[in-house]
Amino acid sequence: MNSLRRIFQVATRTVAQYRQAYLVLNVLYYSLILLVAFYLFLNPLLQTQLSHSLLREIGGAFKTMPFRVVAEAYLSGNFPLAATLTFLFNLAMGAILYITLPSLIVPFAGIILGCFRATAWGVLLSMVVLAGVVKTAGFLVILVLEGQGYVLAMLAAWALGRAALRPAGVGARGYWGGYVVGLKHTALIYVFVVVFLAIAAICESFGVIYLAS
């Protein structure tokens with residue numbers, strides 16, 4: 001228990017170290033979602049086209065592995081399995097592979113990719129709002145929680161890139177020294193990425209299985 005508390009304390013200090021960037025990324029991420037949704041409301045034809053395209057893409061994806069396993073967990077009403085698979089999928093595919101892994105190669109790439117993800121959430125938000133107030137409220141809870149996971153992954157990308165390009169700022173020498181420190185900061189920030197994505201997965205699975213029907 002003490003070790004776990006210590007990890008959270010160090011992780012909290014690491015996020016606080018980048019609090020200004022964290023605030024900017026939050027504003028950027030959620031503003032993009034709202035701007036895309038608002039723009040689509042002003043352009044209903046485009047909204048319809050993008051919605052149909054996104055639904056086809058999602059529907060096709062859930063017919064293939066590993067997406068099909070997640071879909072089957074939801075369809076069977078297996079809440080623990082659905083929550084676990086949703087968490088693992090969002091962590092692996094949404095955060096690590098989509099945001100963090102590219103940032104290990106190209107500095108700050110994850111921030112740009114995270115912005116692309118935000119535009120997709122904007123399309124989803126425009127669709128859900130049309131479905132009614134209750135569904136919109138539930139979607140907004142998931143959007144905020146899961147979004148925090150991705151914003152924090154973007155923050156990790158920022159921390160890694162900044163440490164590598166400005167090693168003196170993190171007390172390191174040279175590119176590789178800064179890169180190693182950036183990796184450590186990334187791992188610590190991921191403590192909160194895991195927490196938010198886990199909570200979001202629980203809320204999403206509960207909402208879809210017990211409330212959406």
Side-chain angles (χ1 to χ4, degrees), residues 20-64 67-68 70-71 74-75 82-83 85-87 89-91 93-95 97-100 102-103 108-158 192-193 195-213:
Q20 187 173 4
Y22 181 46
L23 176 61
V24 171
L25 289 172
N26 268 286
V27 173
L28 175 63
Y29 187 86
Y30 292 111
S31 294
L32 276 173
I33 294 175
L34 294 176
L35 286 172
V36 169
F38 182 71
Y39 180 78
L40 291 178
F41 280 126
L42 299 178
N43 298 271
L45 180 59
L46 179 61
Q47 195 272 346
T48 301
Q49 293 173 341
L50 289 178
S51 297
H52 289 170
S53 176
L54 186 59
L55 287 174
R56 283 196 302 269
E57 184 176 336
I58 294 173
F62 276 106
K63 295 178 182 179
T64 62
F67 304 94
R68 188 171 64 191
V70 181
Y74 277 95
L75 292 173
L85 291 176
T86 299
F87 163 69
F89 175 81
N90 289 339
L91 178 63
M93 302 293 290
L97 292 179
Y98 191 79
I99 296 177
T100 300
S103 302
F108 310 116
I111 296 176
I112 298 173
L113 293 171
C115 289
F116 279 115
R117 179 173 291 278
T119 61
W121 276 96
V123 177
L124 284 172
L125 177 60
S126 70
M127 294 166 55
V128 174
V129 169
L130 296 176
V133 176
V134 175
K135 290 185 178 180
T136 300
F139 179 81
L140 287 176
V141 171
I142 298 170
L143 184 152
V144 171
L145 291 172
E146 191 171 324
Q148 276 302 292
Y150 300 137
V151 168
L152 284 161
M154 293 164 66
L155 180 66
W158 166 264
F192 290 107
V193 174
V195 169
F196 277 104
L197 291 183
I199 297 173
I202 293 171
C203 293
E204 182 175 351
S205 303
F206 181 84
V208 170
I209 293 175
Y210 296 115
L211 300 180
S213 58

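None of the values given here were measured: they were computed from a predicted structure. Below, each value reflects all heavy atoms present in this structure, side chains not excepted, and no hydrogens, waters or symmetry copies.
- A distance of 11.0 Å separates CD1 in I99 from CG in L155, rounded to the nearest 0.5 Å.
- Proximity of a side-chain donor or acceptor of S31 to a complementary backbone N or O of L28 within less than 3.5 Å is not detected.
- Rounding to the nearest 0.5 Å gives a distance of 11.5 Å between CG of L97 and CG of L113.
- Residues A109 and P102 come closest through the heavy atom pair CB-O, 3.9 Å.
- Side-chain contact between Y39 and L46: present, with at least one pair of heavy atoms (C-beta onward) separated by less than 4.5 Å.
- Looking only at side-chain heavy atoms (C-beta outward), Y150 and Y98 stay at 4.5 Å or farther from each other.
- Two residues are said to be in side-chain contact when any heavy atoms from C-beta on lie closer than 4.5 Å; Q148 and Y30 meet this criterion.
- Side-chain atoms of E146 and C203, non-hydrogen and from C-beta on, never get closer than 4.5 Å to each other.
- Looking at heavy atoms from C-beta onward, L40 lies in side-chain contact with V36 at the 4.5 angstrom threshold.
- Taking the side chain as every heavy atom from C-beta outward, L34 and L125 approach each other to under 4.5 Å.
- In plain terms, the two heavy atoms of A157 and G110 that are nearest each other are CB-CA, 4.2 Å.
- Between E204 and N90, the shortest heavy-atom distance links the atoms OE1-ND2, 4.3 Å.
- Closest non-hydrogen pair, A200 versus L145, comes out as CB-CB, 3.8 Å.
- Of all the heavy atoms in G114 and Y29, the pair that sits closest is O-CE1, 3.6 Å.
- The backbone N or O of A201 sits nowhere less than 3.5 Å from a side-chain atom of T86 that would complete a donor-acceptor pair.
- Looking at every heavy atom in both residues, L197 comes nearest to F87 through C-CD1, 3.7 Å.
- Annotation: side-chain hydrogen bond (donor to acceptor under 3.5 Å, both in side chains) contacts of N43 (sequence neighbours excluded): none.
- Residues I33 and L124 form no side-chain contact, since every pair of their non-hydrogen atoms from C-beta on lies 4.5 Å or further apart.
- In this structure, CD in Q20 is found 11.0 Å from CG in L25, a value given to the nearest 0.5 Å.
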